[in-house]
Amino acid sequence: MNSQLVLFEEEQKKIVQICDALHRDACAKAVFLVNRDGQMLANSGQTVQMDTTSLASLTAGNIAATGGLAQLLGEKEFAIQFHEGERDNIHISLVGQRVILVIIFDERSSLGLVRLRVRRASNELVKVLEQINAKAAQNPGHTVFDEISDEDIDNLFG
Amino acid sequence: MSFINYSSREINCKIVYYGPGLCGKTTNLQYIYAKTNPEAKGKMISLETETERTLFFDFLPLSLGEIRGFKTRFHLYTVPGQVFYDASRKLILKGVDGVVFVADSQVERLDANIESLENLRENLEEQGYDLDKLPYVVQYNKRDLPTAVDAGYLREALNPTNVPDFEAVATTGMGVFDTLKAVAKQVLIELKRGR
Ligand SMILES: Nc1nc2c(ncn2[C@@H]2O[C@H](COP(=O)(O)OP(=O)(O)OP(=O)(O)O)[C@@H](O)[C@H]2O)c(=O)[nH]1
Ligand SMILES: [Mg+2]
């Protein structure tokens, strides 16, 4: 069974810092961190005009489909994808089997630079993911739902 | 897999609409999209064939309001119902928090419904889920058609475990929100109970 992902302030901050640094160091337009179910964990850069929710869901669908292809071929996973456009390029990679790192960049950067910076950021992200797991293992029962009553849920649906 | 973000104060859940080809899964999402306030919804994405059959999935992000300062966000997905898209269906089911089975009430689709329901159970089991333990509701769609089978009969064939079920006409919206609310509520209750 899947365990639910719980993200606290402290780890969220670290994740955002890593994305910000990657955005800067890779000279990227935007950086996104998405979980495998298509939910956005963090983003950085020029994301205001972008439909980030759609982007997250399609990225997850893409990774899922590619993972399915890999399995058919007896590969464990295709960990990196790169799509080249006329203006913008997109680099997608799996981090720690659990989250997806997306970088959008144009001619101000290069694939080589992006690859290099992604490698470093991924190592840092893996550490934070381990912290998140450790925290979840420490206090498994604790969620916001301790404070939410059945009545609250009823009220939501009027 | 639900995702709780204490930083942005959000609860995120994934609901999947399942069922045989042409039963009306996409139509359910289209109706929900059309009738929801712009602030409460994101863009609806449909990855479909040229003949408007679902090819990979439909996706609709939806906010259903706040509980104790936490926004509840539901990601609604449909699977492609055509039999040969089974590999895609398995992918969409990953990380699911709640399932809606949309049945086609027409008499000539009875076998297709049963086959799809068995397929749902198998695909869930492959990923370690048990349909009987998941938040789950059934919708009998296309009640408006003259060849629609009696609902009691459908219930016997498709809902032996007596989960909440609803008669619907997805094209006019009858039963659509009742179905959604019922599964969303079950998902939240299940989260509260803790898995
Ligand atoms: N009469 C009637 N037609 C309906 C109803 N719901 C859906 N339809 C029609 O049935 C057809 C198929 O609907 P879809 O929503 O595309 O079906 P689907 O389940 O998404 O099909 P796949 O994507 O192939 O799995 C469309 O022409 C709909 O307009 C209903 O309640 N009554
Ligand atoms: Mg469809």
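Below, read A as the first sequence line, B as the second, and so on, with proteins coming before strands; counting in each chain starts at 1. The analysis underlying the following values was restricted to heavy atoms, covering all of them including side chains, and did not include hydrogens, waters or symmetry mates.
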Test item: B:K25 side-chain N/O and B:V102 main-chain N/O as donor-acceptor pair under 3.5 Å: no

Pair A:R36 + A:E77: basic N to acidic O under 4.0 Å: yes

Among the listed options A:I148, A:D51, A:T53, the residue most often paired with chain B at heavy-atom distances under 4.5 Å: A:I148

Verify same cluster id: B:V187, B:V176 (apolar side-chain graph, 4.5 Å): yes

For chain A, the option from B:A87, B:A184, B:G42, B:P61 that forms the most heavy-atom pairs under 4.5 Å: B:A184

Between A:K14 and A:Q131: side-chain donor-acceptor atoms closer than 3.5 Å: yes

Ring-face cation of B:K14 near B:Y77 (centre distance under 6.0 Å, axis angle within 45°): yes

Toward chain A: residues of residues 104-112 of chain B with heavy atoms under 4.5 Å: none

B:E126/B:K90 salt bridge by N-O under 4.0 Å criterion: yes

Any residue of residues 147-159 of chain B which, by heavy atoms, sits under 4.5 Å from chain A: none

Heavy-atom contact with chain A under 4.5 Å, split by part of B:L188: both

Chain A contact via B:I11 - which portion, at a heavy-atom distance below 4.5 Å: side chain

Side-chain heavy atoms of B:F56 within contact of B:P80, under 4.5 Å: no

Side chain, backbone, both or neither of A:E9 within contact of chain B (heavy atoms, under 4.5 Å): both

Flag for B:N119-B:R89: side-chain donor and acceptor within less than 3.5 Å: yes

Short side-chain donor-acceptor distance under 3.5 Å, B:N12 and B:N5: no

Cluster overlap B:Y31 with B:Y17, hydrophobic side-chain contacts below 4.5 Å: yes

Chain B-proximal positions within residues 54-68 of chain A [heavy-atom distance under 4.5 Å]: A:S54, A:S57, A:L58, A:G61, A:A64, A:A65

Pairwise side-chain contact, A:I80 with A:I92, heavy-atom cut-off 4.5 Å (strictly under): no

Chain B neighbours within residues 116-128 of chain A, where any heavy atom lies under 4.5 Å away: none

Portion of B:S88 that has a non-hydrogen atom of chain A nearer than 4.5 angstrom: neither

Residues A:K135, A:E10: salt bridge by 4.0 Å N-O rule: yes

Aromatic contact, B:F70 with B:Y6 (centres under 6.0 Å): yes

A:T52 side chain to A:T47 side chain, donor-acceptor N/O pair below 3.5 angstrom: no

Ion pair check, A:D37 and B:K94, cut-off under 4.0 Å: no

B:D165 and B:Q139: side chain donor to acceptor below 3.5 Å: no

Structural part of B:E10 lying under 4.5 Å from a heavy atom of chain A: neither

Distance-only donor-acceptor check, side chains B:D58 and B:S46, under 3.5 Å: yes

Six-ring centre of B:Y33, B:K41 cation under 6.0 angstrom, axis tolerance 45°: yes

Stepwise salt bridge (Lys or Arg N to Asp or Glu O under 4.0 Å) check, B:E167 with B:R143: CA-CA 7 Å; B:E167 297 189 30; B:R143 298 307 303 162; 3.3 Å; yes

B:F59 versus chain A, the contacting section by heavy-atom distance below 4.5 Å: side chain

Within one Ile-Leu-Val-Met-Phe-Trp-Tyr cluster: B:F177 and B:I15, side-chain cutoff 4.5 Å: yes

